[in-house]
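In what follows, chains are A, B, ... by sequence order, proteins preceding strands, each numbered from 1.
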Amino acid sequence: MMRTAKLCLLFLLPLWLTTGCWNLKEPDQLSFVTGNGLDLTEDGKLEASTLVVVPTGVAGGGQISGGGKKESFHVISATGANVTEAIVKIQAKLSRVVFQGHRDIVLVGQKLAKQGMGETFDPFIRNAQSHIVSLVFVVKNGNPKDVFSNEPMFEPNISIALEKEQKALGFKPYLSREFIADVMSDGIQPLLPAVSLNSTKHFSYSGFAILNKDDGVKLVGFLNRKDSYYAAWMTDRLTSLTLTSFVPKGDGNVSLRLEKLGRRIRVKKVDERIQISVHLKGEGTIMENNTNLDPSKRKDLLLIQDELSHKTQKSVQLLVKKVQKKYKIDIFGFGESVHQQYPQKWKTLKKNWTKIFPTVDVSVKVDLQINDPGITNSSLNKP
Amino acid sequence: MKLSGTQLVWIMVTTEIAAMLGLRITPAIQVAKQDAWLSMIVGGIIGVALTFLVVHLCILHPNQTLFQFSQALLGKWLGRLIVLPYLVSWYILTAVLLRAFADFIHLILLNKTPLWIIILLLIGLVTYLSYSSGITGIGRFCELVGPIIILTLIVSFILIVQNLEMHHLLPFYADSEWMNILKGSIAPAFWFSGQFVLLVIVSFVQNTKKVLSKSILGVGITIFIIVTATLISLLVFGPNLSAKLRFPYFSAVRTIDILNFIQNADLFVLFILVFGVIAQASLYFFIASYEMANWINVKDWRRIIWFSAPAIAIITILIPGASAFTLFDEFWTTVVFPVCGIGIPLFLWTISAVKKKA
């Protein structure tokens with residue numbers, strides 16, 4: 001019995017010796033990457049840039065030390081044959097180990113997007129350390145480095161700023177894992193938000209980038225801001241939306257803020273031809289009224305409601321036409337709707353969907369409902 | 001050595017869940033896509049049937065292990081021969097399990113620790129657990145950690161709810177059809193029935209009356225957890241992406257992010273996985289040693305452990321790595337399971353039934 005006990009102790013002994021302390025990584029040994037950027041250089045090489053947080057700069061630095069304000073971030077970039085090689089080169093410029101576990105954002109430069117960014121996703125999912133809930137943006141007319149160097153007004157660095165701005169604009173966060181799931185599915189083409197720098201080097205959100213996943217996730221074009229809202233509405237990626245539209249009968253503009261948005265895509269089969277009807281619904285409050293109508297009266301309210309619904313419907317119809325004609329890419333996920341509603345039919349359509357999509361009949365219906373005219377009745381400017 | 005009915009339930013739950021969460025979800029999704037959860041349900045039904053067969057066979061021979069009743073039924077030599085494939089598979093299974101888990105820990109947590117140290121530590125723990133008190137100790141261990149495992153998993157299910165997207169499951173049934181759903185269900189079915197360990201451990205349960213209901217309950221809990229985990233993996237990543245993830249449920253837990261505050265919940269899942277794998281490896285290790293002792297006619301099964309531990313350590317280290325697992329998995333599903341999980345039990349059951357009538 002004693003012998004057994006001794007043997008067991010002997011077995012348990014290594015547990016004290018092998019606590020894994022050599023695997024220890026203290027925060028002061030890591031350089032936290034909060035943003036990753038990918039782009040091509042002038043001569044076509046892959047360039048990765050990282051937005052590294054400088055902890056002493058973030059923690060209120062200036063006020064405590066009393067000295068000059070320390071920078072809260074640094075942008076470092078390097079080229080390489082692939083993402084990992086570039087990151088290894090970035091490591092050469094940093095005294096702390098590059099740690100991607102807190103990455104919030106991935107920016108893809110327009111040049112790389114144009115050439116196709118399909119090859120660059122692998123390390124982001126494969127690496128067990130990598131954070132899979134980051135957001136992906138395309139940089140319009142620029143490269144990630146410049147966006148990263150931008151010092152935002154409120155936030156310590158741009159990646160937090162972009163993340164918050166998306167929310168403030170009313171978009172649901174579109175995470176990298178959702179993006180990759182869309183890239184890998186058959187019936188929808190991914191839409192990525194785009195960010196650009198204006199002439200004063202301030203960043204601004206600038207619509208959606210259209211990508212073609214069948215062609216190496218290549219950038220096809222950009223939707224303008226207004227169209228992006230509609231596209232987001234149709235793909236269920238929007239939480240709120242403000243519409244402003246001219247009401248001829250009231251001779252002025254009305255702004256409506258929609259807080260409750262819904263969408264339904266129905267697929268019908270008429271003589272073996274696919275027909276798609278999109279039904280968008282929104283409920284909201286009047287924010288501004290420059291007309292001579294009084295929205296607290298039911299008749300005028302309905303008039304405004306119908307006019308706005310009609311105008312929005314027209315714009316959405318135009319958008320669908322434009323996407324079908326110009327880009328020929330199914331960003332609305334109509335293919336996925338066909339897949340879900342007519343799975344057998346989809347098996348034959350799947351291969352040719354890119355050819356079929358531009359010719360599909362799409363009808364759009366928009367129903368807006370004004371729940372509240374606001375706390376005034378007729379316009380304050382007009383009697 | 002004794003085992004209570006409740007311990008039997010928790011042994012089944014603890015030893016099956018970890019391996020199934022880690023190894024069985026991706027293959028099912030690769031075959032049956034968004035209908036993989038249906039595969040799991042179908043697999044569960046087949047698993048219950050197989051469990052029924054095995055347990056019923058054991059009930060026909062109360063308080064006898066596989067070796068003992070196959071001796072009684074087939075005589076000295078044929079009885080020995082028929083147990084041989086079981087011994088081989090339990091030894092290899094323990095090694096593969098430890099290797100797969102050591103690789104996983106190496107990848108996720110301790111990448112600077114040499115692999116063999118992780119393996120040796122795991123084997124040390126497994127040896128300790130089975131040597132100290134045999135199946136009773138394993139039973140108590142499972143009774144203790146089983147509820148923790150279930151609770152942790154259920155909490156993770158709840159936390160993940162806001163990341164789920166229903167459209168990933170659509171269209172229902174149409175894409176894979178029954179052929180693929182059935183194909184995806186075969187491997188889970190064998191795992192649900194518990195690696196035919198029941199053939200041995202049922203003999204330790206004193207109250208034979210409750211054995212059947214308890215073992216079905218154990219399988220039932222496992223099925224519920226695995227079906228839910230499969231559903232969640234699909235609902236978070238969609239069928240195409242999760243088919244490419246090696247540990248989709250683990251990755252799904254990593255996506256938990258509630259108010260930027262509750263994050264990195266994967267740590268909890270990782271540590272319950274350690275419990276599960278230790279329990280499972282100890283169980284196979286014990287059964288392999290115990291039956292081996294019977295097989296070579298050694299009275300004290302503990303002495304066999306000093307042979308089993310180094311043998312398994314060597315096999316574990318010799319396995320070439322992740323690429324061998326798929327090959328092993330295929331061999332397991334196409335050869336070992338049909339023979340050890342269905343063929344031999346069915347054969348023994350028929351003989352028992354015939355002998356009983358005669």
Side-chain angles (χ1 to χ4, degrees), chain A residues 4-5 7-15 17-25 101-102 104 121-122 125-134 160 163 172-173 175-188 235-236 265 333 336-347 350, chain B residues 33-34 104-114 117-118 120-121 123-129 131-132 163 165-177 234-247 250-257 260 263-264 266 302 305-306 309:
Chain A
T4 323
L7 269 170
C8 287
L9 258 180
L10 200 71
F11 257 123
L12 289 174
L13 200 64
L15 283 179
L17 299 174
T18 51
T19 48
C21 290
W22 51 88
N23 251 105
L24 190 71
K25 268 183 209 139
H102 288 280
D104 292 320
F121 305 142
D122 192 71
I125 294 281
R126 185 177 299 276
N127 185 351
Q129 218 184 50
S130 153
H131 202 36
I132 47 176
V133 296
S134 39
I160 305 174
E163 199 183 335
K172 288 180 189 170
L175 304 170
S176 53
R177 65 176 160 84
E178 296 170 83
F179 169 58
I180 290 173
D182 279 351
V183 167
M184 292 174 83
S185 76
D186 296 320
I188 187 165
T235 47
D236 197 19
I265 297 174
E336 206 46 51
S337 303
V338 177
H339 182 200
Q340 285 167 14
Q341 292 169 39
Y342 289 94
Q344 298 305 331
K345 178 89 183 158
W346 175 247
K347 280 175 191 170
K350 197 162 85 179
Chain B
K33 290 186 182 165
Q34 67 266 42
F104 183 67
I105 292 183
H106 187 72
L107 177 76
I108 304 270
L109 280 182
L110 300 172
N111 55 343
K112 276 185 197 156
T113 311
I117 288 191
I118 303 176
L120 281 191
L121 284 177
I123 286 178
L125 210 56
V126 164
T127 312
Y128 171 73
L129 190 58
Y131 188 92
S132 56
N163 289 345
E165 291 199 47
M166 279 316 287
H167 69 84
H168 283 316
L169 278 194
L170 299 171
F172 172 75
Y173 185 73
D175 277 7
S176 31
E177 289 170 346
L234 285 168
L235 286 168
V236 171
F237 295 114
N240 300 309
L241 181 52
S242 46
K244 294 214 172 186
L245 295 170
R246 282 177 66 205
F247 312 103
F250 190 72
S251 300
V253 173
R254 283 163 62 91
T255 66
I256 293 176
D257 180 5
N260 259 320
Q263 291 174 329
N264 296 333
D266 48 323
R302 279 193 169 89
I305 280 191
W306 302 122

Kindly compute the distance separating CD (A:Q340) from CE (B:M166), expressed to the nearest 0.5 Å. 10.0 Å
So how far is it from B:N163 CG to A:L175 CG, rounded to the nearest 0.5 Å? 8.0 Å
Name the region of B:L245, side chain, backbone, both or neither, that has any atom closer than 4.5 Å to a heavy atom of chain A. side chain
If you measure from CD1 on A:I188 to NE2 on B:H167, what distance do you get to the nearest 0.5 Å? 7.5 Å
State whether the number of non-hydrogen atoms from other residues, nucleotides or ligands found under 6.0 Å of A:K345 atom NZ is greater than 12. yes
Closest non-hydrogen atom pair between B:E177 and A:Q344, with its separation: OE2-NE2, 3.9 Å
More than 12 heavy atoms of other residues, nucleotides or ligands under 6.0 Å from CZ of B:R246: is that the case? no
Return the CZ to OG distance between A:R177 and B:S242, rounded to the nearest 0.5 Å. 12.0 Å
CD on A:E178 to CG on B:L241, rounded to 0.5 Å: 11.0 Å
What heavy-atom pair brings A:P343 and B:D175 nearest, and what distance separates the two atoms? CB-OD1, 4.4 Å
Given a strict heavy-atom distance threshold of 4.5 Å, which part of B:N111 is in contact with chain A: side chain, backbone, both, or neither? both
Sequence neighbours excluded, which residues qualify as side chain to side chain contact (heavy atoms under 4.5 Å, CB included) partners of A:Q341? A:V267, A:S337
Toward chain A, the part of B:Y131 with a non-hydrogen atom under 4.5 Å: side chain
